[in-house]
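First listed ligand is number 1; within each ligand, the first listed atom is number 1.
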Amino acid sequence: MDESALIRRFFDGLGKARTDVVLGIGDDAAVLAVPEGHELVVTTDVLAAGVHFPNSTRPEDVGHKSLAVNLSDLAAMGAEPAWATLNLSLPQVEPRWLEGFSSGFSGIANEFGVQLVGGDTIRAPLSIGVQLCGFVPKGQTIRRSGAKPGDGIYVTGTLGDAALGLLAAQGKLQPTDGQTPYLRQRFERPMPRVQVGCALRGLASAAIDISDGLAADLERVLSLSDVGAEIDLGALPLSPAYTARLQHGIDRELAATHGDDYELCLTVPPDHEIRARKIVDGLSVGYTRIGVIESEPGLRVRDHHGELCRFASRGFDHFRSQRQG
Ligand code: ADP
Ligand code: MG
């Protein structure tokens, strides 16, 4: 199969057919119409085999995740997703793998109204680079730099499930109670909180998506906002599957530091907290207050007994360590 046959078979027309795509796949570049009164928001993330996903990951899950992680970034900006491009490095053309990848990608693209409008395909070790564009009404992006002392700190969903899902995928978790499929799903098919991010435009003062661990990602918000924070480990939202393992060598620190959950961490000024909660309650996504922004720099963490504590581990950093083989 040559390159253009491969593109036609697996990528042409993937996702939702959008009316704002003036010209999609097939020309030298795509042509896209940003709606009047909006700003373009652009993000990109690369997933490499053996670094971001174990080599044994199902192609459907790789396709899903490669778009999901980008959707999560747009969610954290409060942006509506619209157009994606896909840079694919393939060691060889394996139709079964490509079919799976394309079906995982198109499933989540359709769900979030995204159209694939271009890309590039080369032969090299497996990696997937997705660029995602979306838009927001002018001046309304939620930035990392907007947190102010007194703002409540919130997270969506539950934390730590992806950490346990990775352990399960590596065969390092006792499959005690039938919850392994749930945990693996949370690791392999994260659900970006796009609706929450968009709904909290104009209410949240800052937001970030939790890819590298709550502690590390919240610290990014703190340093860009020139503030500090105190959070309460006992308040972290944990799933029943995670809670069940608290007595079995799994602690709350893992949920606060591992990452891969792709939940949002948001700060909300006191004046907006009630309205924000009402809005998110209508979206059937968990939304939990875990702490407060303070003027003193640094992140202070209270354990579930109320004592100040320190984490032994830090969030993930590509240039410090490798964690998935
Ligand atoms: P060029 O050599 O001019 O860059 P290509 O042959 O690479 O053209 O691509 C032809 C068309 O197919 C372009 O519109 C490009 O955006 C699209 N395309 C290439 N690879 C992919 C891919 N992996 N996913 C989506 N579109 C792709
Ligand atoms: Mg090209």
Side-chain angles (χ1 to χ4, degrees), residues 1-35 38-75 77 79-135 188-192 194 211 262 324:
M1 203 182 321
D2 69 6
E3 190 188 323
S4 49
L6 181 150
I7 293 160
R8 248 183 284 119
R9 176 159 167 206
F10 297 107
F11 299 115
D12 209 355
L14 227 59
K16 193 191 165 197
R18 296 182 60 98
T19 55
D20 50 17
V21 175
V22 181
L23 191 57
I25 290 175
D27 215 306
D28 293 309
V31 182
L32 309 165
V34 180
H38 288 68
E39 284 166 339
L40 186 65
V41 182
V42 183
T43 185
T44 186
D45 257 318
V46 181
L47 300 187
V51 181
H52 298 91
F53 55 91
N55 288 292
S56 57
T57 309
R58 298 185 326 136
E60 288 82 356
D61 296 335
V62 177
H64 173 101
K65 197 164 182 173
S66 67
L67 185 53
V69 298
N70 284 282
L71 284 162
S72 182
D73 282 320
L74 285 198
M77 302 300 291
E80 312 265 352
W83 313 294
T85 60
L86 171 62
N87 290 339
L88 201 52
S89 306
L90 297 170
Q92 68 264 324
V93 174
E94 252 183 62
R96 282 243 306 279
W97 191 93
L98 280 160
E99 241 150 53
F101 176 87
S102 146
S103 100
F105 190 99
S106 79
I108 185 167
N110 275 306
E111 192 169 342
F112 287 90
V114 170
Q115 182 173 339
L116 184 63
V117 296
D120 199 17
T121 311
I122 63 164
R123 186 182 293 247
L126 181 60
S127 88
I128 302 103
V130 171
Q131 182 183 56
L132 183 63
C133 303
F135 43 80
E188 282 150 2
R189 299 184 82 89
M191 277 320 276
V194 172
S211 52
Y262 297 98
Q324 286 164 31

For D27, the atoms of ligand 1 under 4.0 Å from one of its heavy atoms are 13 (C), 14 (O)
Note: ligand 1 atoms sitting under 4.0 Å from heavy atoms of L86 are 22 (C), 23 (N), 24 (N)
*Can you find an N/O atom of G119 closer than 3.5 Å to an N/O atom of ligand 1?*
yes
Applying side-chain hydrogen bond (donor to acceptor under 3.5 Å, both in side chains) to E99 and not counting sequence neighbours gives R9
Quick note on ligand 1: atoms under 4.0 Å from a heavy atom of E3 include exactly 5 (P), 6 (O), 7 (O)
Could you check whether the rings of F11 and F101 sit parallel, tilted or perpendicular, using 30° and 60° as the cut-offs? perpendicular
The atoms of ligand 1 lying under 4.0 Å from a heavy atom of G118, numbered in the order shown, are 16 (O), 24 (N), 25 (C), 26 (N), 27 (C)
Contact check: G26 vs ligand 1, nitrogen or oxygen atoms, below 3.5 angstrom
yes
Ligand 1 to I25, heavy atom cutoff 4.0 Å, flagged ligand atoms 12 (O), 14 (O), 17 (C), 25 (C), 26 (N)
Note: ligand 1 atoms sitting under 4.0 Å from heavy atoms of D28 are 3 (O)
Report task. Mark yes or no for whether T44, through its side chain, and V130, through its backbone, hold a donor-acceptor pair below 3.5 Å. Result -> yes
Quiz item: Does T57 use its side chain to pair, donor to acceptor, with the backbone of V62 at less than 3.5 Å?
Solution: no
Worked verdict on D61 versus F53 for side chain to side chain contact (heavy atoms under 4.5 Å, CB included)
CA-CA 9 Å; D61 296 335; F53 55 91; over 6 Å; no
Within the 4.0 Å heavy-atom cut-off, what T121 brings close to ligand 1 is both
Applying side-chain hydrogen bond (donor to acceptor under 3.5 Å, both in side chains) to E188 and not counting sequence neighbours gives R184
Distance col, row D2:CG vs T121:OG1, nearest 0.5 angstrom, shows 11.0 Å
